[in-house]
Novice: 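One structure, as structure tokens, below. Some questions next.
This is a predicted model, so every value here is computed, not measured. Whatever order the structure lists ligands and atoms in, that order sets their numbers, starting from 1.
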Amino acid sequence: MIQPFQALVTCPAGFEFECVRELERILSEKDEFVEVEPTYFKGVLVVRSDLDPEEIVRTVAEADTDWVARIAPIHRTVRADLRSIVRTATALAERRIPEDATFAVRCRRRGDPPFSSKDVEVEVGDAVRKATGASVDLENPDYLVWVEVLQDTVGIAVTTPDMIVSKEVKRVRKWAPGRRPINRSQLKMRELLKKHPYLAREGVDVIDLGAAPGGWTHELAPRVAPGRVYAVDPGDLHPRVLKEHDNVVHIRKKAEDLEESDIPGTVGLVTSDLNRVHTEAAKVTLDVADKFLEPGGFVVQTVKLAVDPETGEYAAPDVETAVTETELEYERRGYEVVAVEDLKSNTPNERTLVARKI
Ligand SMILES: C[S@@+](CC[C@H](N)C(=O)[O-])C[C@H]1O[C@@H](n2cnc3c(N)ncnc32)[C@H](O)[C@@H]1O
């Protein structure tokens with residue numbers, strides 16, 4: 001049984017999951033049950049949705065996307081044999097292409113089905129011409145008969161050329177060699193250090209709490225070298241982090257369990273991106289800073305408006321309240337709040353707080 005799909009999307013190979021997430025985020029606003037799936041073919045995704053195929057295309061075309069290279073609507077999905085393709089494409093064309101219009105057939109063939117793209121284009125072209133009376137115009141057609149072959153499955157659309165939408169892939173070109181971040185969190189640290197470059201000076205030792213998978217550590221390590229980054233997290237670091245920096249020490253512990261013997265001496269910076277409610281995160285971070293941060297040293301903490309697992313409710317009414325409560329706690333414990341940043345890379349429920357130990 002073929003599982004029908006309503007749009008086919010291409011993206012750069014290796015970024016399929018980023019593109020799936022991006023499309024689900026965009027399309028779920030209109031269809032909460034939308035499914036976007038990678039296929040066997042690199043850089044090819046299918047969209048399953050109750051939305052009209054053209055509406056899917058328009059929605060994605062209008063959205064600000066990073067990963068989508070091309071999107072096409074799909075009206076019918078059939079088995080990959082030439083007769084089924086011709087029959088279905090012709091039936092669709094009869095409904096959509098008027099006699100006085102022009103059309104062209106375009107086939108993208110992936111896998112190894114027993115026919116070529118040319119076979120499809122010639123046979124479907126002949127059949128559609130006879131059935132509709134429309135004429136072929138390969139250069140500037142009014143309609144496209146669009147055929148996407150994915151080995152055993154074929155998606156077909158009869159549509160206008162403006163519905164086959166190509167978009168600029170922003171993310172892949174965005175990173176110069178060696179600048180591709182480990183994750184989105186790394187961008188927060190990158191952005192913060194642009195505004196507050198004094199935080200990560202050469203030779204400064206850092207404790208990074210809740211470090212895994214290592215975006216912050218990865219951003220900090222080359223800036224503070226030969227200073228060390230003590231990455232504290234029971235979870236794994238991304239292999240690139242340990243491979244690319246010999247000044248990173250992974251301490252597989254919870255922040256609360258850090259002992260004097262884990263870190264020789266004091267550090268100049270404590271960073272904290274713990275996924276805990278803001279009050280707990282502040283307490284744990286400040287306990288570590290009290291013990292290991294030298295006077296005049298800095299603390300960076302993400303303040304997150306998060307759901308308290310014990311009550312099932314948000315730990316504060318809004319992120320501003322979470323920030324105020326965190327600021328008060330820092331001041332109570334003898335730290336001066338230097339800045340609260342609303343970074344572009346922060347989610348709407350996050351702020352980044354910078355403080356100094358007095
Ligand atoms: C949002 S992630 C951090 C992402 C990280 N800053 C990066 O750039 O990759 C939150 C991390 O906090 C860790 N975490 C939560 N509670 C912790 C604790 N008590 N001690 C240490 N790590 C903790 C989790 O294991 C998780 O890896």
Side-chain angles (χ1 to χ4, degrees), residues 17-18 21 171 175 178-196 199-200 206-224 228-245 247-263 267 269-293 298-310 314-315 319 322 326 329 341-355:
F17 285 96
E18 284 83 349
R21 276 201 298 272
R171 285 293 185 96
W175 312 117
R179 294 286 288 161
R180 187 173 157 61
I182 298 273
N183 57 9
R184 191 179 172 79
S185 286
Q186 188 176 338
L187 298 178
K188 282 186 234 170
M189 184 49 75
R190 193 175 285 178
E191 202 183 329
L192 181 76
L193 293 178
K194 227 179 197 174
K195 293 189 167 182
H196 300 273
L199 291 171
V206 182
I207 297 176
D208 183 18
L209 301 174
W216 284 23
T217 295
H218 194 58
E219 191 63 30
L220 289 162
R223 297 175 188 251
V224 299
R228 289 188 168 181
V229 182
Y230 298 95
V232 182
D233 200 307
D236 289 337
L237 294 184
H238 191 288
R240 268 177 69 195
V241 178
L242 292 169
K243 202 168 132 211
E244 293 179 22
H245 312 288
N247 60 334
V248 171
V249 180
H250 184 191
I251 301 177
R252 269 185 195 280
K253 278 188 172 181
K254 291 176 87 171
E256 298 88 318
D257 301 334
L258 264 190
E259 292 168 89
E260 311 266 323
S261 56
D262 290 320
I263 290 160
V267 299
L269 175 65
V270 173
T271 59
S272 166
D273 195 22
L274 302 166
N275 49 2
R276 307 275 290 267
V277 298
H278 63 287
T279 41
E280 280 178 40
K283 179 180 182 317
V284 172
T285 306
L286 289 171
D287 287 350
V288 170
D290 283 352
K291 244 196 235 174
F292 296 101
L293 185 65
F298 289 93
V299 185
V300 171
Q301 185 201 318
T302 314
V303 179
K304 306 183 187 199
L305 174 62
V307 172
D308 184 338
E310 283 183 13
Y314 278 107
V319 69
T326 308
E329 181 63 6
E341 300 289 355
D342 183 3
L343 304 171
K344 270 191 278 171
S345 322
N346 281 138
T347 68
N349 280 348
E350 283 177 359
R351 298 290 182 272
T352 302
L353 178 141
V354 181

Novice: Is it true that Arg276 and Glu256 have a side-chain N and a carboxylate O under 4.0 angstrom from each other?
Specialist: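 Yes, charged N to carboxylate O under 4.0 Å.
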Novice: Does Val284 come within less than 4.0 Å of ligand 1, judged by its heavy atoms?
Specialist: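 No; Val284 lies far enough from ligand 1 that no heavy-atom distance drops under 4.0 Å.
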Novice: Counting each atom of ligand 1 from 1 as listed, which ones have a heavy atom of Ala211 under 4.0 Å away?
Specialist: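 It comes down to these atoms of ligand 1: 5 (C), 7 (C), 9 (O).
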Novice: What is the closest protein heavy atom to atom 16 (N) of ligand 1, and at what distance does it sit?
Specialist: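 Checking every protein heavy atom, the shortest distance to atom 16 (N) of ligand 1 gives Arg276 NH1, 3.6 Å.
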Novice: Any idea which of Gly214, Gly210, Ser272 brings a heavy atom closest to atom 22 (N) of ligand 1?
Specialist: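 Comparing heavy atoms across Gly214, Gly210, Ser272, the nearest one to atom 22 (N) of ligand 1 lies in Gly210.
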Novice: For Tyr314, which residues count as a side chain to side chain contact (heavy atoms under 4.5 Å, CB included) partner, sequence neighbours excluded?
Specialist: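 For Tyr314, the residues satisfying side chain to side chain contact (heavy atoms under 4.5 Å, CB included) (neighbours in sequence not counted) are Leu305, Val307, Asn349.
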Novice: Output the list of atoms in ligand 1 that are nearer than 4.0 Å to some heavy atom of Lys254, sorted by atom number.
Specialist: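 That gives atoms 19 (N), 20 (N), 21 (C) of ligand 1.
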Novice: If the cut-off is 4.0 Å to any non-hydrogen atom of Pro234, which atoms of ligand 1 fall inside it?
Specialist: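 So the answer, numbered in order with elements, is 21 (C), 22 (N).
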Novice: Quick test of your reading of the model: are Asp287 and Lys283 salt-bridged, counting only N-O distances below 4.0 Å?
Specialist: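 Between Lys283 and Asp287 there is a salt bridge, with a charged N closer than 4.0 Å to a carboxylate O.
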Novice: Check ligand 1 against Pro213 and write out every atom of the ligand that is under 4.0 Å from a heavy-atom position of the residue.
Specialist: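 In order of numbering, the contacting atoms are 9 (O).
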Novice: Looking at ligand 1, does Gly235 have a heavy atom less than 4.0 Å from it?
Specialist: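 Outside the 4.0 Å threshold, so no.
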Novice: Does Lys304 have a non-hydrogen atom less than 4.0 Å from ligand 1?
Specialist: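 Within the 4.0 Å threshold, so yes.
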Novice: Pick one of side chain, backbone, both or neither for how Met189 approaches ligand 1, counting any non-hydrogen atom pair under 4.0 Å.
Specialist: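 The answer is neither; Met189 stays 4.0 Å or more away.
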Novice: What do you reckon, is CZ of Arg228 surrounded by more than 12 foreign heavy atoms closer than 6.0 Å?
Specialist: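 No, because the 6.0 Å sphere around CZ of Arg228 holds 12 heavy atoms or fewer from other groups.
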Novice: Ala212 heavy atoms, cut-off 4.0 Å: which ligand 1 atoms fall inside?
Specialist: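 Under 4.0 Å from Ala212, ligand 1 has these atoms: 2 (S), 3 (C), 4 (C), 5 (C), 9 (O), 27 (O).
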Novice: Would you say Asp236 and Arg252 make side-chain contact, with heavy atoms under 4.5 Å?
Specialist: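 When only atoms from C-beta onward are counted, Arg252 and Asp236 do touch, with a gap below 4.5 Å.
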Novice: Looking at CD of Glu191 and NE2 of His196, how far apart are the two atoms once the value is rounded to the nearest 0.5 Å?
Specialist: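 The NE2 atom of His196 is 10.0 Å from CD of Glu191, to the nearest 0.5 Å.
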Novice: Is there a heavy atom of Leu209 sitting under 4.0 angstrom from any atom of ligand 1?
Specialist: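 Leu209: no contact with ligand 1 (<4.0 Å).
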Novice: What is the nearest protein non-hydrogen atom to atom 23 (C) of ligand 1, stated with its residue, atom name and distance?
Specialist: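 Residue, atom and distance for the closest contact: Leu274 CD2, 3.4 Å.
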Novice: Would you mind checking which non-hydrogen protein atom is closest to atom 27 (O) of ligand 1, with the distance to 0.1 Å?
Specialist: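 For atom 27 (O) of ligand 1, the nearest protein heavy atom is Asp233 OD2, 2.7 Å.
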Novice: Measure the shortest side-chain to side-chain distance between Arg351 and Val319 over non-hydrogen atoms and say whether it is less than 4.5 angstrom.
Specialist: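 They are in contact (side-chain heavy atoms under 4.5 Å apart), so the answer is yes.
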Novice: May I ask you to decide whether Glu219 forms a salt bridge with Lys188, counting only side-chain N to carboxylate O separations under 4.0 Å?
Specialist: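 No, no charged N to carboxylate O under 4.0 Å.
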Novice: Counting only heavy atoms from other residues, nucleotides and ligands, does the tally under 6.0 Å from NZ of Lys254 exceed 12?
Specialist: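 At most 12 heavy atoms, drawn from other residues, nucleotides or ligands, come within 6.0 Å of this atom.
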Novice: Nearest to atom 8 (O) of ligand 1, what protein heavy atom do you find, and at what distance?
Specialist: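 Closest protein heavy atom to atom 8 (O) of ligand 1: Trp216 N, 2.9 Å.
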Novice: Would you indicate whether the side-chain heavy atoms of His238 and His218 approach each other to under 4.5 Å?
Specialist: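 Not touching, per the 4.5 Å side-chain cut-off.
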Novice: Between CD of Gln301 and CG of Leu286, what distance do you get to the nearest 0.5 Å?
Specialist: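 Going from CD on Gln301 over to CG on Leu286, the span is 7.0 Å.
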Novice: Among all the protein's non-hydrogen atoms, which is closest to atom 21 (C) of ligand 1, and how far away is it?
Specialist: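 Answer, as residue, atom name and distance: Ala255 N, 3.5 Å.
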Novice: Which residue holds the protein heavy atom closest to atom 15 (C) of ligand 1, what is that atom called, and what is the gap in Å?
Specialist: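 Heavy-atom neighbour on the protein nearest atom 15 (C) of ligand 1: Asn275 OD1, 2.9 Å.
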Novice: Give the atoms of ligand 1, by number and element, whose distance to some non-hydrogen atom of Ser185 is under 4.0 Å.
Specialist: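 Reading through ligand 1 atom by atom, the close ones are 4 (C), 7 (C), 8 (O).
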Novice: Just jot down the ligand 1 atoms closer than 4.0 angstrom to any heavy atom of Asp273, in number order.
Specialist: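 Per the distance check, 1 (C), 2 (S), 3 (C), 4 (C), 5 (C), 6 (N), 10 (C).
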Novice: Side-chain contact, heavy-atom cut-off 4.5 Å: Val267 with Leu293?
Specialist: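 Yes - at least one pair of side-chain heavy atoms lies under 4.5 Å apart.
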Novice: Any idea which protein heavy atom is nearest atom 7 (C) of ligand 1, and the distance to it?
Specialist: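 Closest protein heavy atom to atom 7 (C) of ligand 1: Gly215 N, 3.3 Å.
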